[in-house]
**Student:** 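Okay, handing you the structure first.
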Amino acid sequence: MSNQVTLNKDKDPEISIQANDFSLADEVALLEKENLTDGAVVTFTGRVRNRNNGNVVTTLTLEHYPGMTEKSLAKIILQAKERWDIGRVKVIHRIGELSIGDQIVFVGVTSEHRQDAFAANEFIMDYLKVKAPFWKKEKITNAGQTSENWLAAKTTDTDKADLWS
Amino acid sequence: MSNQVTLNKDKDPEISIQANDFSLADEVALLEKENLTDGAVVTFTGRVRNRNNGNVVTTLTLEHYPGMTEKSLAKIILQAKERWDIGRVKVIHRIGELSIGDQIVFVGVTSEHRQDAFAANEFIMDYLKVKAPFWKKEKITNAGQTSENWLAAKTTDTDKADLWS
Amino acid sequence: MIKIVFFAALREQLGCAELSITADTVKTVTDIKQLLSDKSELWQQTFGNASLLCAVNHDMVDGSHLVKPGDEVAFFPPVTGG
Amino acid sequence: MIKIVFFAALREQLGCAELSITADTVKTVTDIKQLLSDKSELWQQTFGNASLLCAVNHDMVDGSHLVKPGDEVAFFPPVTGG
């Protein structure tokens with residue numbers, strides 16, 4: 001319990017779990033602000049697609065496990081910093097109901113040399129996909145019928161994350 | 001000669017060589033506009049660093065070979081499209097005199113699945129570094145003395161590009 | 001007491017988001033699973049799913065992890081964020 | 001005629017951005033290099049640099065590439081953009 005209080009009080013500026021949308025430009029501006037040593041900035045933005053496994057998606061709802069989400073992301077970022085020579089990092093993940101085309105997730109990484117930012121960014125996304133406690137439920141339409149489904153985890157995501165270890 | 005005229009007339013919307021700055025937000029908005037199939041957007045931005053090889057950099061001047069630049073970038077983008085399942089691509093490279101912190105280069109790639117956009121983006125940057133005819137001259141200050149130097153190509157860049165072949 | 005929380009499809013299948021148990025009879029995560037499975041056939045079937053994950057105090061653990069009073073134990077399906 | 005262009009450090013070293021030669025006496029890129037090297041000691045030294053690259057009509061080529069009237073031949077140092 002005291003653990004959670006600490007997490008909330010000293011909110012990690014590298015991580016944000018939020019219902020609101022975010023601005024890519026603002027996030028990159030923060031990564032670059034008064035940062036004249038890092039020549040490379042790599043961003044990943046994940047968005048809601050209009051189709052998934054052949055179904056027409058109408059909305060996507062993101063659930064998460066408050067507290068553990070932040071802790072797992074902080075651990076992933078720390079691992080990335082141990083492996084690569086990177087500067088600043090920001091991870092944003094949205095929760096709640098999202099529509100087609102909406103931004104879901106943002107990962108931004110800066111580094112002096114580009115290969116570090118590329119590798120660290122992809123590593124963070126790969127680990128987020130299999131270790132951070134988020135779950136997606138999609139509302140789909142099929143032959144006029146609407147239904148809601150929890151997405152199944154993909155073995156391809158697990159396999160991809162395993163490639164880093 | 002007729003070759004060049006054709007290149008200018010049908011200006012490739014995926015490539016821009018320009019003296020002016022660019023807006024990351026605008027470029028990403030164009031990559032995402034009416035694009036509801038691609039869930040992944042990866043961007044790379046390269047900026048002028050304040051130090052290089054231990055010297056204090058004051059300005060960086062970019063020269064290029066008009067015509068060949070566009071042709072070589074178009075070829076690199078084509079190779080990326082042949083290798084990965086990607087959606088939209090944009091490559092911007094600035095020319096002329098730039099200051100510390102200025103944006104130099106932008107690569108944006110969208111894809112349905114994130115690994116394609118990550119790989120294609122890094123591939124385009126790696127090939128641009130060793131195949132596109134740009135040259136950097138930096139103005140540096142060392143012990144109060146200002147001098148201008150053409151940057152030397154790095155074998156690490158050549159080695160990194162070779163990893164893709 | 002040990003607080004137990006459920007997420008996503010698991011929460012919906014069980015029709016339960018959170019419950020508490022006394023720590024007297026359980027030593028490990030596997031003990032908690034067994035205790036919950038004994039509640040009803042629904043709970044037994046649900047906890048028979050081998051892919052279920054468990055976290056104690058926000059860290060992923062396996063079945064042999066020891067639990068103690070005050071712990072928060074979470075069960076959930078494989079994650080699908082990003 | 002064959003148009004020959006130089007870029008970056010090479011252009012500055014030679015003090016020349018562009019020149020033209022008649023196509024009569026040259027068959028390959030290597031022939032052009034030899035012809036230019038014969039201009040002076042400066043040109044000879046400069047073209048002795050093994051890392052120099054060559055493009056004909058905007059495509060990278062090696063020394064054995066055949067040239068013809070109307071071609072644009074470029075010489076330049078290894079590239080350093082990005």
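Just so it is clear: chains get the letters A, B, ... in the order the sequence lines come, proteins before strands, and each one is counted from 1. Values below: every heavy atom of this structure, side chains too, minus hydrogens, waters and symmetry copies.
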**Student:** Taking 4.5 Å as the heavy-atom cut-off, does anything in residues 107-137 of chain A contact chain B, and if so which residues?
**Tutor:** Glu112(A), His113(A), Arg114(A), Gln115(A), Phe118(A), Asn121(A), Glu122(A), Met125(A), Asp126(A), Lys129(A)
**Student:** Please list every donor-acceptor pair under 3.5 Å in which a side-chain atom of residues 90-101 of chain A meets a protein atom from a residue at least two apart or in another chain.
**Tutor:**
residue: Lys90(A); atom: NZ; partner: Pro13(A); partner atom: O; Å: 3.2
residue: His93(A); atom: NE2; partner: Gly82(C); partner atom: N; Å: 2.9
residue: Arg94(A); atom: NE; partner: Ala19(A); partner atom: O; Å: 3.2
residue: Arg94(A); atom: NE; partner: Asn20(A); partner atom: O; Å: 3.1
residue: Arg94(A); atom: NH1; partner: Asp21(A); partner atom: OD1; Å: 3.4
residue: Arg94(A); atom: NH1; partner: Gln103(A); partner atom: O; Å: 3.0
residue: Arg94(A); atom: NH2; partner: Ala19(A); partner atom: O; Å: 3.2

**Student:** Please classify the contact between Val42(A) and chain B as side chain, backbone, both or neither, with a heavy-atom cut-off of under 4.5 Å.
**Tutor:** both
**Student:** Can I get a per-line list of side-chain donor-acceptor pairs under 3.5 Å for residues 146-156 of chain A, giving both atom names and the distance, sequence neighbours left out?
**Tutor:**
residue: Trp150(A); atom: NE1; partner: Glu12(C); partner atom: OE1; Å: 2.9

**Student:** Pick whichever of Ile104(B), Asn52(B), Asp26(B), Asn50(B) has the most heavy-atom pairs under 4.5 Å with chain A.
**Tutor:** Asn50(B)
**Student:** Using non-hydrogen atoms and a limit below 4.5 Å, what part of residues 32-39 of chain A faces chain B?
**Tutor:** Glu32(A), Asn35(A), Leu36(A), Thr37(A), Asp38(A), Gly39(A)
